[in-house]
Amino acid sequence: MKKLLFLVLIAFCSMAAQAYNEVRLVINGGISNPQLKQQMQQAVSVVMTEINRSQEQGLAKLSFPASCISRDAQAALNQLWQNDRMRCVEEEIVERVLTTRDGYQVRGIPLIVNSAEGNEELGYQEAVVNFDKQGVIQSFYYTINPELYSKLRMDQMRNKRYEVSDIAERMMILDYVEHFRTSYNQKDLKFLRQVFSDDALIITGKVVQVRKSDISPAGKKVIYTTQTKQQYLDNLARAFKTNSYIKVSFDDVVIVEHPTIRGVYGVTVHQKWNTARYSDEGYVFMVWDFRNPDMPQIHVRTWQPDFIDKARGQRLNPNDVFTLSDFDL
């Protein structure tokens, strides 16, 4: 009897010592090479299980074998870890592999995210993992709203090209949009400094109260201020420093190709910005230049508030949201 109780106690202690989920990725399509498939499955399984272990044990740094993830991807994931502590509550993830310009991609990795400082619950996220052609993880980003991805449209203002080309371009643009979105959660000023062109135009809308006059009634309106790249990054650095976490999410995305300049796109997203001190919702419009696909640049970034007067339900007129036609490129 004592021996039985001892064995039960040992089993209980073993379970308590490993309270985290071991995660297993199962690829159910999109790739025929069994060795490559096994490499990608193993890489994600190891990385996600280690994330769960580190989260459970309160570790300050993630550590992965080099066979699973590149050094740059590991550094970027650790930068995200300094601000967000995530865990995967699923023991088995079943997803297809997508082929990208540089390798492969798996989407839909389910995560529960908390802030690294304090106990703020930042909610449910999904991650996208990009691999090189050898199946080694090259990047780990939060996705755009998962429901949007499958139905996202690319509005083209010129003659339709081959469908395969459209898919490849859409995936390339979305990859950078998702990297851009995650860079705010990571507080990654280095990437933001790289992705904004030196002469980038930054425009920010602000709602102000207007007094009644002979030519206009009292009410609220949006006024706009401009910043240089450096001014924007300086302000952002202060926001990163004074907030324990930054949560940015995109719940709508529209991509429009420039009518005459091949490789330039207007990207409009509906953004939600949340910190412990401040939150807002609004439209972000960006002009992305992919003429050098290895070093894309943002030439314009605008932000406009969702509501002009939220108490009265007065939203920004959709026709007033910035588009490509508002800028002379």
Side-chain angles (χ1 to χ4, degrees), residues 10-59 61-70 73-74 76-78 80-81 84-100 102-116 121-152 171 174-175 178-179 181-182 185 249:
I10 290 293
F12 176 80
C13 291
S14 298
M15 291 174 64
Q18 184 173 311
Y20 59 88
N21 284 351
E22 292 191 358
V23 181
R24 176 171 174 258
L25 172 67
V26 177
I27 294 174
N28 66 351
I31 189 168
S32 58
N33 184 319
Q35 289 78 25
L36 188 55
K37 175 182 175 180
Q38 178 61 30
Q39 163 67 21
M40 288 191 283
Q41 289 180 152
Q42 179 71 8
V44 172
S45 300
V46 168
V47 167
M48 295 312 304
T49 297
E50 178 61 17
I51 285 174
N52 279 357
R53 185 185 75 86
S54 299
Q55 196 272 347
E56 175 66 26
Q57 297 179 6
L59 301 183
K61 187 176 181 180
L62 303 169
S63 181
F64 311 108
S67 60
C68 294
I69 184 169
S70 71
Q74 183 167 177
L77 191 46
N78 263 302
L80 182 61
W81 188 254
D84 290 0
R85 296 294 164 85
M86 72 283 295
R87 66 189 188 277
C88 180
V89 296
E90 300 292 335
E91 295 183 356
E92 184 174 270
I93 303 166
V94 181
E95 292 291 341
R96 289 180 59 85
V97 167
L98 303 175
T99 301
T100 65
D102 300 314
Y104 304 93
Q105 184 181 93
V106 170
R107 305 183 67 84
I109 308 296
L111 302 170
I112 301 296
V113 183
N114 288 76
S115 65
E121 177 74 51
L122 303 184
Y124 177 79
Q125 299 278 359
E126 289 190 5
V128 52
V129 177
N130 287 297
F131 306 83
D132 64 14
K133 294 180 180 179
Q134 287 70 50
V136 177
I137 294 173
Q138 299 298 304
S139 64
F140 180 102
Y141 308 136
Y142 292 150
T143 64
I144 59 171
N145 187 317
E147 296 178 0
L148 292 174
Y149 185 80
S150 61
K151 61 181 181 180
L152 183 66
M171 290 185 68
L174 284 178
D175 185 58
E178 287 173 333
H179 189 176
R181 176 233 165 156
T182 306
N185 297 65
S249 60

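What you find for T49 and V23 is that their closest heavy atoms are OG1-N, 2.8 Å. Of all heavy-atom pairs spanning A43 and C68, the tightest one is CB-O, 3.6 Å. The heavy-atom pair separating I112 from Y124 by the smallest distance is CD1-CD1, 4.1 Å. Of all non-hydrogen atoms in G108 and I93, the two that sit nearest each other are O-CG2, 4.3 Å. Closest approach of P110 to C88, counting heavy atoms only: O-SG, 3.4 Å. Residue S70 comes nearest to V136 through the heavy atom pair N-CG1, 3.7 Å, listed as atom of the first residue, atom of the second, then distance.
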Legend entry - side chain to side chain contact (heavy atoms under 4.5 Å, CB included) evaluation trace for F140 with I69: CA-CA 10 Å; F140 180 102; I69 184 169; 5.9 Å; no
Inset, instruction - Assess whether salt bridge (charged side-chain N to carboxylate O under 4.0 Å, His left out) is satisfied between R53 and E56, documenting all intermediate values. - result: CA-CA 5 Å; R53 185 185 75 86; E56 175 66 26; over 6 Å; no
Inset, instruction - Tell me, with the steps shown, if V129 and M40 meet side chain to side chain contact (heavy atoms under 4.5 Å, CB included). - result: CA-CA 10 Å; V129 177; M40 288 191 283; over 6 Å; no
Inset, instruction - May I have the step-by-step check of side chain to side chain contact (heavy atoms under 4.5 Å, CB included) for L25 and M48, ending in yes or no? - result: CA-CA 9 Å; L25 172 67; M48 295 312 304; over 6 Å; no
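Put simply, the side chain of Y141 does not reach to within 4.5 Å of the side chain of R181, judged on heavy atoms. Between Y142 and V113, the closest side-chain pair of non-hydrogen atoms falls below 4.5 Å. No side-chain heavy atom of D175 sits less than 4.5 Å from a side-chain heavy atom of T100.
L98 CG to Y104 OH: the interatomic distance, rounded to the nearest 0.5 Å, is 12.0 Å. To the nearest 0.5 Å, the span separating CG on D84 from CD on Q125 amounts to 7.5 Å. Atom CD1 of I137 sits about 8.5 Å away from atom CG of L77, to the nearest 0.5 Å. The distance from the CG atom of N185 to the OG atom of S115 is 12.0 Å, given to the nearest 0.5 Å. Between Q138 atom CD and D102 atom CG the span is 9.0 Å, to the nearest 0.5 Å. Within the model, atoms CG of N28 and CZ of R96 stand 6.5 Å from one another, a figure rounded to the nearest 0.5 Å.
N21 contributes a side-chain N or O that, together with a main-chain N or O of V89, makes up a donor-acceptor pair within less than 3.5 Å. A donor-acceptor distance shorter than 3.5 angstrom exists from the side chain of W81 to the backbone of L59, with no hydrogens or angles considered. Within the 3.5 Å criterion, the main-chain N or O of L62 finds no donor-acceptor partner in the side chain of S54. Judged by distance alone, the side chain of Q41 and the main-chain N or O of I27 form a donor-acceptor pair under 3.5 Å. Looking only at distances, a side-chain donor or acceptor of Q39 sits under 3.5 Å from a matching main-chain atom of S67. Side chain of Q74 to main chain of F64: a donor-acceptor pair is present (N/O by atom type, distance under 3.5 Å, no hydrogens or angles).
Counting only N and O atoms by type, the side chains of E178 and T182 include no donor and acceptor under 3.5 Å apart.
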